[in-house]
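Quick notes on the structure that follows.
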Amino acid sequence: MLDIQLLRTDLAHVARRLAARGYAFSVTEFNALEAERKMLQTHTQDLQARRNAVSRQIGNAKSKGEDVDVILAEVANLGGELRQAEAQLAQTQTALQQMLLQIPNLPHSSVPEGNSETDNREVRRWGTPRSFNFTARDHVSIGESLGLLDFPTATKLSGSRFSFMTGGLARLHRALAQLMLDAHTREHGYTEAYVPYLVNAESLRGTGQLPKFKEDLFEIPRKKMTPTDVHSQNGTDQGALSTEGQYPLEDDNLYLIPTAEVPLTNIARDQIIALESLPVKLTAHTPCFRSEAGSYGRDTRGMIRQHQFDKVEVVQLAHPQQSYEALEELTGHAEKILQKLELPYRVMALCTADLGFSAAKTYDIEVWLPAQNAYREISSCSNCEAFQARRMQARFRNEKGKPELLHTLNGSGLAIGRTLVAILENFQNADGSVSIPKALQHYMDGLDRLTA
RNA sequence: GGAGAGAUGGCCGAGUGGUCGAAGGCGCUCCCCUGCUAAGGGAGUAUAGGCUCAAAAAGCUUAUCGAGGGUUCGAAUCCCUCUCUCUCCGCCA
């Protein structure tokens, strides 16, 4: 969420920066709502002030044993007037709030301008894609001929966009999680966390997935009686239960996490963190669940795009003055994993048009996939500045002892499914076996290759 | 699932209709005193917002005592609903 003060004082600038990332912000709509809010708020507060004054007066008079009827008569209709004003104010403030919740973050000044992902800027490359003296196969073909990857079974169990792995491949998957967690906790200073995989709507609002991206989430309905429900069941209205009463309230529902960023970042919601505890650095290995609504036909083959995948996430809650250093550092932590695994990659600075909703700046890390002859996203590292913190009221006590909004950062360190894909494809051998990167062998009891 | 208790400021804790944003204590900050230490004295110490203002300072003002609704001229205090925490019983990986 953007700072409404900024909108009030420098609306033109905000609109311009939003336009840079392809978001058409309606200045007139905002101005109209703002004017209405101002008028109603002033009016309401005047009435409240008057009510408070009169009430105090009555209290005074009563304690002196004076007659209060005159004063009471004077404010006879104040109540109704106030009630109406308060209702109107609440309505426009809700409207304003809803509008604010839909607006994406402003891009940082260092973010390259662009109109599409083709304008993303390559920052650096690491490693050299291997040249094959045989035709490189894709991970599906490799995994299936090893007998360790079985999409038909996954489809039978759940449907498309799920995977089923066995034996050495399932173990390699686990080994990757171990390697990543160990690196982040031992070498990069993160604290390991175990987190809920189901979270409430408030958490998702905090990190920005709600209200705008509800269709990307898996929602778990909860049966719950509402007050209207109880009444209608008690009898008077035998007809149909109101739909509102019959179905659970949306806000009580839980959602499967699309990324551990949600639980990890939301630990700071409604908190004031001590200055000396900054930066808070957390990592967690979790499954991630995404509906992939709207991605029909994209990456349908293989385990690149799944409804369920595992990821080791890194999150930092940082001092605003250090958050851009932290972004570089955090991106480096994710890169370090690829280096350990000897997987070639490149780092892309996303352009204004390609930024995610909450991000002020993002680096994508793309790993080389021989079968696709392309670099593909395997990690995304973002500084959200105070955008999420403002939604969450996540603060720290600054040098002056005053609460101030934190900056939140998150990154994949890394997406495990895609890392597995990269290993299968980059470490495949002509005989169909797959070598295991040295860094992982320790986690595989010394095994150095997967064979059929 | 059943029965009961509770939720107040950084913390503890008082407050059952009127001047309470909230006594008192602890903690913290500043000052004074004391040649160190210990002790003592004084002052200060919530957050978010609105309006006035070019801005700052300042002033005025609103809201917030778990959340939402209600009663009332007036609610931390009374009523209703919900959430969470704790204790006991039951059940359970």
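Everything numeric in this text was worked out from a predicted model, so none of it was measured. Chain identifiers are assigned alphabetically (A, B, ...) following the order of the sequence lines, protein sequences preceding nucleic acid strands; residue numbering begins at 1 within each chain. The basis for the numbers below is simple: all heavy atoms, side chains too, and nothing from hydrogens, waters or symmetry mates.
Residue A/Ile272 contributes atom CD1, which lies 11 Å from atom C1' of B/A48 at whole-angstrom precision. Between the CG atom of A/Leu47 and the C1' atom of B/C51 there is a distance of 15 Å, rounded to whole Å. Remark: P of B/C51 and NE2 of A/His43 are 16 Å apart, rounded to the nearest angstrom. In this structure, A/Gln93 atom CD and B/A63 atom P are separated by 13 Å, rounded to whole Å. As a whole-Å value, the separation of A/Gln5 CD from B/A48 P is 11 Å. Straight-line distance from the CD atom of A/Gln48 to the P atom of B/C73: 17 Å, rounded to whole Å. Rounded to a whole Å, the CG atom of A/Asn60 is 14 Å from the C1' atom of B/C73.
For the residue pair A/Thr286/A/Lys311, the side-chain donor-acceptor check at 3.5 Å is not satisfied. Checked by atom type, the side-chain pair A/Ser295/A/Arg305 shows no donor-acceptor distance below 3.5 Å. For A/Tyr190 and A/Gln316, the side-chain atoms include at least one donor-acceptor pair closer than 3.5 Å. Residues A/Glu385 and A/Tyr324 bring a donor and an acceptor atom of their side chains to less than 3.5 Å of each other.
Under 4.0 angstrom from either OP1 or OP2 of B/C73 there lies no side-chain N or O belonging to A/Asn52. For A/Lys402 and B/U47, the shortest distance from a side-chain N or O to OP1 or OP2 is below 4.0 Å. Taking side-chain N and O atoms only, A/Arg83 has a distance below 4.0 Å to OP1 or OP2 of B/U71.
Going from the C1' atom of B/A63 to that of B/G1 covers 40 Å, rounded to whole Å. Spacing between B/U61 and B/G21 at atom C1', rounded to whole Å, works out to 15 Å. Straight-line distance between the P atoms of B/G15 and B/U77: roughly 15 Å, to the nearest whole Å. The C1' atoms of B/C30 and B/U87 are separated by 45 Å, rounded to the nearest whole Å. The separation of B/A23 from B/U83, taken at their P atoms, amounts to 33 Å, rounded to a whole angstrom. Atom C1' of B/A14 sits at a distance of 13 Å from the matching atom of B/G9, rounded to the whole Å. Across B/U62 and B/A43, the matching C1' atoms stand 29 Å from one another, rounded to whole Å. Using P as the reference atom, B/C84 and B/C28 are 36 Å apart when rounded to the nearest Å.
Here the side chain of A/Arg51 is nearest to one of B/G18, B/A63, B/C51, namely B/A63. Of all nucleotides listed (B/C51, B/U47, B/G74), B/U47 comes nearest to the side chain of A/Arg395. In the set B/U19, B/U61, B/G18, the nucleotide with an atom closest to the side chain of A/Lys62 is B/G18.
Taking a pair to require two hydrogen-bonding distances under 3.5 Å in either a Watson-Crick or a G-U wobble arrangement, B/A93 remains unpaired. Remark: B/G17 base-pairs with no nucleotide; criterion is Watson-Crick or G-U wobble with both hydrogen-bond distances under 3.5 Å. In this entry B/U81 has B/A67 as its Watson-Crick or G-U wobble partner, both defining distances falling under 3.5 Å. If you check B/U52 for Watson-Crick or wobble pairing at under 3.5 angstrom, you find it paired to B/A58. Base pairing of B/C88 is made with B/G2, judged by Watson-Crick or G-U wobble geometry with both donor-acceptor distances under 3.5 Å. Both distances falling under 3.5 Å, in either a Watson-Crick or a G-U wobble arrangement, occur for no nucleotide opposite B/U72. Of all nucleotides present, only B/U29 satisfies the Watson-Crick or G-U wobble test against B/A43, with each distance under 3.5 Å. B/U37: no Watson-Crick or G-U partner with both key distances under 3.5 Å is found in any strand.
Side-chain contact check for A/Pro279 versus A/Gln322: every heavy-atom pair is 4.5 Å or farther apart.
Within 4.0 Å (heavy atoms only), A/Lys38 reaches sugar-phosphate atoms of the nucleic acid but no base atom. Residue A/Arg397 is out of contact with every strand shown, counting any heavy-atom pair closer than 4.0 Å.
Aromatic pair A/Phe213/A/Phe357: ring centres closer than 6.0 Å. Separation of the A/Phe289 and A/His307 ring centroids does not fall under the 6.0 Å cut-off.
For B/G49, the base has a donor-acceptor partner in the side chain of A/Gln45 [N/O atoms by modelled type, under 3.5 angstrom].
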